Amino acid sequence: MYDILVIGSINADLVFHTDKRPEVGETVLGNSFITVPGGKGANQAVAAARLGAKVGFIGCVGDDANGRVMLENLQGQGVDLQGISIIRGMSTGVAGIVLSGGENSIIVIPGANHLVSKAIIDEHIDMISSSRMVVLQLEIPIETVEYVLDLCSKKNVPVILNPAPAADMEADSILKATYITPNETEVIHLFGNRKVEDILKEYPNKLILTQGKKGASFHDGDKLIHVEGHPVKAVDTTGAGDTFNGALAVAFAEGKDIIKAVEFANKAAAISVTKLGAQGGMPRREDLNNS
Ligand code: RIB
């Protein structure tokens with residue numbers, strides 16, 4: 001039995017740190033380069049595991065050096081690897097990240113993440129049935145995400161859908177998720193260019209808008225609730241949304257109500273940006289309790 005099952009992407013993040021983000025046609029000299037573990041799926045799984053949850057994962061890596069390092073990292077963080085396939089002849093997903101002033105710009109090359117198919121889900125169907133909560137993002141094929149949403153709604157397994165990066169999805173399918181956690185760009189992409197407050201009102205206690213350092217908002221059926229973020233000095237905001245989602249899943253799996261769950265997730269996300277790398281600053285439970 002897993003507390004949380006993440007179905008999603010695993011990437012090696014190639015991080016270029018620079019004072020000046022290059023403009024089109026411009027070359028700049030940067031400050032440093034590191035390769036660190038990433039991928040929205042892997043980040044969310046690590047965030048949940050650090051907070052003490054029993055975490056399973058369904059995903060794919062290639063049979064390359066990046067894949068081996070990413071698997072070692074997940075295992076070291078306590079994520080169960082049995083649902084991860086190693087695909088021969090494929091490259092592991094990579095993300096090129098330009099980090100400047102604590103903020104990032106990212107290009108993802110999905111590699112093996114594109115092979116997380118419905119057939120792979122079928123091979124691991126028992127993992128879904130034996131999970132308290134499933135967490136999905138959009139760095140694997142959308143048809144697989146929609147397939148999992150359908151399976152989970154039939155099996156009554158609650159799902160958090162983090163619709164990132166923004167992509168087109170069937171409206172019926174999106175709404176099969178128990179909770180949907182877009183940012184300010186993604187909510188417009190999914191629900192149309194309307195007043196965000198009106199969109200939140202249509203999906204009470206289901207649609208949770210993440211607003212970076214400002215915190216998060218949702219509608220409770222009666223009124224709009226805004227949960228304030230925590231002011232911190234951001235070193236690297238990469239993975240803050242993933243930390244929010246991983247922590248939110250932990251909080252829901254523990255039976256917290258939506259306000260308490262969002263407060264918990266906001267706090268975890270704030271701490272995560274204080275160190276370099278998507279997973280570098282993700283807090284452990286004691287870090288949350290002591291902050
Ligand atoms: O959300 C941050 C993540 O997006 C990075 O770790 C990168 O791999 C991309 O998937």
Side-chain angles (χ1 to χ4, degrees), residues 6-17 33-50 57-62 64 66-67 69-71 73-74 77 79 84 90-100 102-116 135-142 144-145 160-167 180-187 189 208 210-213 216 234-249 265-266 268-283:
V6 179
I7 303 178
S9 58
I10 303 170
N11 296 333
D13 285 356
L14 316 182
V15 185
F16 300 80
H17 183 229
F33 171 79
I34 45 165
T35 303
V36 288
K40 294 186 194 302
N43 294 342
Q44 294 178 15
V46 169
R50 288 239 179 113
F57 199 98
I58 301 178
C60 294
V61 291
D64 53 5
N66 280 339
V69 175
M70 296 309 123
L71 290 184
N73 171 64
L74 284 171
Q77 300 290 337
V79 176
I84 302 182
M90 273 308 289
S91 309
T92 299
V94 288
I97 303 185
V98 175
L99 178 65
S100 187
E103 301 290 345
N104 61 59
S105 317
I106 306 181
I107 299 177
V108 173
I109 305 295
N113 295 311
H114 253 174
L115 300 182
V116 184
V135 182
L136 290 163
Q137 329 72 35
L138 305 184
E139 285 185 335
I140 58 171
I142 300 298
T144 307
V145 172
I160 294 179
L161 171 65
N162 173 222
I180 311 163
T181 56
N183 66 17
E184 286 158 311
T185 321
E186 292 149 5
V187 76
H189 187 98
I208 301 170
T210 62
Q211 298 164 290
K213 62 181 173 199
V235 172
D236 183 358
T237 55
T238 312
D242 299 330
T243 308
F244 181 94
N245 280 282
L248 190 72
N266 261 351
I271 295 174
S272 77
V273 305
T274 58
K275 290 197 185 135
L276 187 64
Q279 298 173 14
M282 287 175 178

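If you're wondering where the values come from, they're calculated on a predicted model, not measured in any experiment. We count ligands from 1, going down the list as the structure has it; atoms in each ligand are counted the same way.
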In short, Ser272 meets Ala269 closest at the heavy-atom pair OG-O, 2.6 Å
Heavy-atom closest pair (Ala48 atom, Gly246 atom, distance to 0.1 Å) is CB-O, 3.8 Å
Please check if the side chain of Arg50 supplies one atom and the backbone of Pro283 the other of a donor-acceptor pair under 3.5 Å.
no
Glu184 meets the salt bridge (charged side-chain N to carboxylate O under 4.0 Å, His left out) criterion, sequence neighbours left out, with Lys214
Residues passing the side chain to side chain contact (heavy atoms under 4.5 Å, CB included) test with Asp64, sequence neighbours excluded, are Asn66, Ser91, Thr92
side-chain hydrogen bond (donor to acceptor under 3.5 Å, both in side chains) filter on Asp236, not counting sequence neighbours, yields Thr238
So what's ligand 1 close to, N/O to N/O, under 3.5 Å?
unit_1: ligand 1; atom_1: 1 (O); unit_2: Lys40; atom_2: NZ; d: 2.8
unit_1: ligand 1; atom_1: 1 (O); unit_2: Asp242; atom_2: OD2; d: 2.7
unit_1: ligand 1; atom_1: 4 (O); unit_2: Lys40; atom_2: NZ; d: 3.2
unit_1: ligand 1; atom_1: 6 (O); unit_2: Asp13; atom_2: OD1; d: 3.4
unit_1: ligand 1; atom_1: 6 (O); unit_2: Asp13; atom_2: OD2; d: 2.6
unit_1: ligand 1; atom_1: 6 (O); unit_2: Gly39; atom_2: N; d: 3.1
unit_1: ligand 1; atom_1: 6 (O); unit_2: Asn43; atom_2: ND2; d: 3.0
unit_1: ligand 1; atom_1: 8 (O); unit_2: Asn11; atom_2: ND2; d: 3.0
unit_1: ligand 1; atom_1: 8 (O); unit_2: Asp13; atom_2: OD1; d: 2.5
unit_1: ligand 1; atom_1: 8 (O); unit_2: Gly39; atom_2: N; d: 2.9
unit_1: ligand 1; atom_1: 10 (O); unit_2: Asn11; atom_2: ND2; d: 3.1
unit_1: ligand 1; atom_1: 10 (O); unit_2: Glu139; atom_2: OE1; d: 3.0
unit_1: ligand 1; atom_1: 10 (O); unit_2: Glu139; atom_2: OE2; d: 2.6

